[in-house]
Amino acid sequence: MSALLEVANLSRRFGGVHAVSDLSFTVDEGEILGLIGPNGAGKSTLFNLINGVIPPDAGRIVFDGVDITGEPPYVVARRGIARAHQIMQPLLGLTVLENCMVGACFGRENMSLADARAAAREVAQSVGLGDRIDTPAGALTTAGKKRLEMARALSARPRLLLLDEVLAGLNPTEIAHMIETIRGIRRSGITILMIEHVMRAIMSLSDRIVVLNLGQKLAEGRPREIAENPDVVKAYLGDSTLLTTVEAAP
Amino acid sequence: MNESVSQAVAKAAAARPRHAFGEELLRQARRPFPWLVVAFTLVCGLVPYLADDVGLRESLLLAAVYVTLASNLNLMIGFAGYVNFGNIVFFGLGGYIGVYLATAWHVNLVLASLAAGILVGFLAYLFGLGILRLRGAFFALATIGVNEAIRAFVTNFEPWGGATGIYLSMDAYEPLGGPMNGLWICYFLLVAVMGLSLLLGYAIKTSKFGLGLLAIGQNEDAAAVLGVPTPRYKAIIYSVSGFFPAVAGSLYFFKSGIIEPTSAFDLTASIESIVMLMLGGAQTVTGPVIGAFLYEELRGYLLVSQTFSHFQLVLAGALLLIIVLFVPGGFMGWLHGRLPRLRRWLE
Amino acid sequence: MKRILCLFAIGALAGAAPAFAQETLTIGFTASQTGKLNNDSTAQLRGFELWRDDVNAAGGIKAGGKSYKIKFVSYDDESQGTRVQQLYTRLITQDKAQFLFSPYSSGLVATAAIISEQYGKVMLCIGGAEEKTYKLGNKYLFQLYTGAGQYLAGALDLLKQKNPKAKIAFVYEDDPFSKAVAQATRELAKQDGFTVALEESYSSGTTDFGPIINKVVSSGADALLGGGHYADGSTLARQLHDQKAGLKWVTLLVAPDSPNFATLGDAAVGVSVPSQWEPQVTYKPDFGPTPAEFTKHFTERFKIAPGYHAAGGYAGGLVLQHAIEKAGSIDPQKVAEELNKMNVTTLFGQTKFATDPKEHGLQIAHKMVVAQWQRKDGKLVKEVVWPNEAKTADALY
Amino acid sequence: MIGILASVIDGVLVGAVYGLAAMGLTLIWGVMNVINLSHGAIIVLGMFVVYFLTSATGASAYLGVPLVLALGFAAGVVIYWISVNRVIGQPILMSLLATFSLNMVIIGLGTAAWTTSPYNVPVSLPGISVRGYTFTGTHIMAALIAVVIAAALYLFLRYTRPGKAIRAVASNRDAAELNGIPTRQVLSMAFGLGVALACVSGALIATLFPFTVLSGGSYQLKSFVVTVLGGLGNPAGALMGGIALGVVEGLATPFTPVSWTPIIEFGLFVITLIAFPRGIFAFSRA
């Protein structure tokens, strides 16, 4: 497998704080790479750097062989990186369909409005929002908004999907539902880079996992390797969830 | 479920032939709304002419100007979500450029007005590069600042007559067949500009560009992450929203025969167009029309009413407050809420 | 069909009307009931009203065997040009005004003139001295006031007597009238060998003249000519006094003519004003009341002495009345011809309009005076100080 | 040279009053993210209160300041509950329009009651004359009162319980709410305070210059400029911004025609906005 995304020596500071510091890793085509780490480890900053919301201080980001460092988010999106946000950012006044159409229109495919409408309808249907197409996004439940977040990202037909804690705040049934959805997305050929705190989920979904701590890479490897890595355990000391979830993981 | 996702994505991925421009046009032409606009414009243009009612013409002329202002303002406020308080600067600058070209250089009125529109559009693009980096209230204030700075500049700009402004001599109407004829011609042109503004609004609203603008209006950061090229779209719409007001300004001040800084860059007029927009309903194409006609009628009535002439501002203010607090969607928002079916007919 | 109906209606009315034809003549105009020109415009409006009531009390205007009662239709233009055009159009198209009076101030006159010309209505221009409007090829405008170019000529004459080497500061409102006056006077002053120490214009809404007065002090000027209208002029006079600007001569346009100017107290003393008319003038009118009769009548009715705006308003009505009576018709074309021929003296002084198409309607006969506020027996009074043959007191320098 | 100095000193004196006028605007803006477009109209209300007070009782205009403060505060609280409360947290357009409509109502009522003729509050204080240049006593007095009120406001926000509550709500409304602060009441208090400040500045301006019902507009525009110079929600910054604006005006007038001052002012305004959206003096946030 070739690397779809390559992050090299990436750094970003806010004031005196190193949010991300000299970070390097790659995401291979077709895999699900999990990104974990305690709060404030720099995970969301990393996502913001990758999709161009903020520029890095140093380092390179190469996507599909093209250097996209410092490109604005809409160019990055057009190249095929889509993102579902941790804090949901639906376009509240627009309907579900229109939300997805925005994704389809301005994503990698650069679809016409009519094509986008068709594509958006199908994707909305597929994440279970088919019957709510004309509902304003603001009227959806939390779970609905999460789905919308996903659907909108998918409508762009990205090559790489950044998922930022899409499971947070969902109940167990909804989580199970979402996990299946994510698996489906991967099967359709989309590479996924995901941040998640629900350990059971990320351990079961990810092909590989990168652990961040204080903006630096603490460890990288297959889920089981990560779970047994003493550095990781130390970083999560006091956070027994990691140990228990890993033990419970298949 | 997972199967359906992969299928859907795969289906969406399958390359489709793009709709050609001509095809798109044809599709639009089959919808009722553009024809409604055309019919409305024709009615406005012809009724006072056939009835030979000059009073009606004058009242409709003002309404046409207001519709043009409110409808173009809607592109910024309703669609892109940028509150442009200094929108009148386009109207005033366009007026100055058009009147100047028509008097000093004896340029044909239509050409002068088009030139005014294009120049103002270009200037707006340049201003936009600066002030569109600001968001929310800061942008609103900056537009006020731009309007006031340009007003102060024009007040001191002697080629344009400084504070005195430019007066048209009666000869200026000769190419149009004398003053009486000239007024009719200005009126027809202004009504046409109104119709074109509405069609522009409709075209943008039903286009991909419009969808992008709506996304920006809802949440600019999210829109950018979704791939909407936000700086370019904002600059374009700011520039485009200046074109027709500038053309209308040129025609209006030519018709008035005088242009001076206080009336050309009157901040109150700017805010009045926002009031009309809110009254009729932002984000719709029909809203500005309804708002402008209602407001013009109301204002006209209050202005000459013996009882209310002293309270016109109070009543207009109270009306605005009620709309803002209780009917933020304006007339169209209320109507669409009542009769959702109408959405298909009245954009 | 419509015509027939109209004829029918007219016939019916004629049948019902009493034998002596008493008809109504509608005169339309706007006044600044609100806005910055409120004070000046109100005086003019009172002149109009007094004339109307006098005419109607005497049975109306008699022309061609009919007598016309005067009816006014007027609106508030808020001192704004945008409203003026809208309202004059309405006056003509909806209220069917047969004749028009101008609004107050040159800027608004110019704005209204466009509409009256576009519709071919005769408009008597009272509150506008600026001349540019009459050089645009208009046919139906008639100006009563002496043009802006002559406004400060008298003040310069006076100044020449007192101090031929005076350094003059021009400080004037940035509006068509004041600007035209200042620019014309500046040229006259240079020809007369005065030094122009400073030239500053200020926007119409100015309330803080501190920066300008500092510049006046820095320039070392002896005399200040300029001003604009009531609101800014009275403020300027007050602040000149408060900041002790050390000027020997101050002539301001318009503002000091108003009786209200006396409320400034000490700040008013010595301030002079070019005036179209003062109650003390002794013109012998061809028709209508004498200046003294008018002053008495006006003071009784409004409890305030008339300034020149009031007299101008009254005279405007008289001139129109005279032209209609001479023409024997209310046809605008015929009335305009009479106005073109007119050369009369009213309480306001002589009136004659230019007929050269290049400046048609411009006033070419009326003369101005200079008045100055002085303290007499502890009371503030306005004395005529120029020309010499008409003066009631010597100028304070 | 002395001419320039005199001009600058005049600028500082008037600027202090501009600063006070802007303080009310910036407080409301900073605390509840509402740009009060009725600010100018409220300044005018302050002017008329002082006018009627002095003409009815013959008392000195300066004695009226505390009363103006109290009336302004009460009016502000009422205005908040009528027209502002509902639009808190809504898109910026809504609060702009809500306050603007209020502006129309106040100006409309004022015009009906007092017409648009100019009014004067006769105050006379001995001034200081230096080499032909006179600094009037009213200017000096107004500047002094402005500085005293600014200092009082600073101390109020810093050291009193309600002041601290306002600051807490300004920095994070949700957190303040969670800590048991009744945010709506605090907001209404802040709005009342802002309106009171605007009224007092109007009262002081009335002692300097004549005014009409429509005078507020230009002071409102100046307040915008000052707020942008001084930074949002920052009373100390507003005072500095006001003085800065006064100095710019004072420095500009000896060298350029007075009619160019607005170009300089608004040019500066737009450029400052673009370059420093948070204001030049934002670093000194109180």
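Chain identifiers are assigned alphabetically (A, B, ...) following the order of the sequence lines, protein sequences preceding nucleic acid strands; residue numbering begins at 1 within each chain.
- For the set Ile107(D), Leu96(D), Val87(D), the entry with the most heavy-atom pairs within less than 4.5 Å of chain B is Leu96(D).
- Residue contact with chain D, scored on non-hydrogen atoms closer than 4.5 Å, involves the side chain of Phe85(B) exclusively.
- Only the side chain of Leu37(D) comes within contact range of chain B, with heavy atoms under 4.5 Å apart.
- Annotation: maximal heavy-atom pairing with chain D below 4.5 Å, among Val314(B), Val275(B), Val146(B), occurs at Val314(B).
- Across Met94(D) and Pro328(B), no two heavy atoms sit closer than the pair CE-CB, 3.6 Å.
- Comparing Gly130(B), Ala282(B), Gly81(B) by how many heavy-atom pairs each has under 4.5 Å with chain D, the most go to Gly130(B).
- For a residue to count as touching a neighbouring chain, one of its non-hydrogen atoms must lie under 4.5 Å from one of that chain's; by this rule Leu141(B) touches chain D with backbone and side chain alike.
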Taking 3.5 Å as the threshold, show me the donor-acceptor pairs across chain D and chain B, one per line with distances to 0.1 Å.
residue	atom	partner	partner atom	Å
Arg86(D)	NE	Leu325(B)	O	3.3
Arg86(D)	NH2	Leu325(B)	O	3.4
Ser259(D)	O	Asn156(B)	ND2	3.0
Ser259(D)	OG	Asn156(B)	OD1	2.7

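- Counting all heavy atoms, side chain and backbone alike, Val270(D) lies closest to Ala142(B) at CG2-O, 4.1 Å.
- Residues that satisfy the side chain to side chain contact (heavy atoms under 4.5 Å, CB included) test with Leu298(B), not counting sequence neighbours, are Leu302(B), Leu319(B).
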- Item | side-chain contact (heavy atoms from CB on, under 4.5 Å) assessment of Phe266(D) paired with Ile144(B) | CA-CA 9 Å; Phe266(D) 289 108; Ile144(B) 294 180; 5.7 Å; no
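- The heavy-atom pair separating Ile92(D) from Ala137(B) by the smallest distance is CD1-CB, 3.6 Å.
- When heavy atoms are compared at a cutoff of 4.5 Å, Ala140(B) approaches chain D solely by way of its side chain, counted from C-beta outward.
- Heavy-atom pairs under 4.5 Å with chain B peak, among Leu268(D), Val225(D), Leu93(D), at Leu93(D).
- Here Ile35(D) is the residue among Ile35(D), Val34(D), Leu102(D) with the most heavy-atom pairs under 4.5 Å with chain B.
- Heavy-atom distances place the side chain of Ile77(B), and not its backbone, under 4.5 Å from chain D.
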- Query: After noting the C-alpha distance and the side-chain angles of Leu321(B) and Val105(D), does the key distance pass the side-chain contact (heavy atoms from CB on, under 4.5 Å) rule?
  - Reply: CA-CA 9 Å; Leu321(B) 187 62; Val105(D) 171; over 6 Å; no
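- Heavy atoms of Leu221(D) lying under 4.5 Å from chain B belong exclusively to its side chain.
- The environment of Phe122(B) atom CZ is sparse: at most 12 non-hydrogen atoms of other residues, nucleotides or ligands sit within 6.0 angstrom.
- Put simply, of Leu97(D), Ile271(D), Ile264(D), the one with the most heavy-atom pairs under 4.5 Å next to chain B is Leu97(D).
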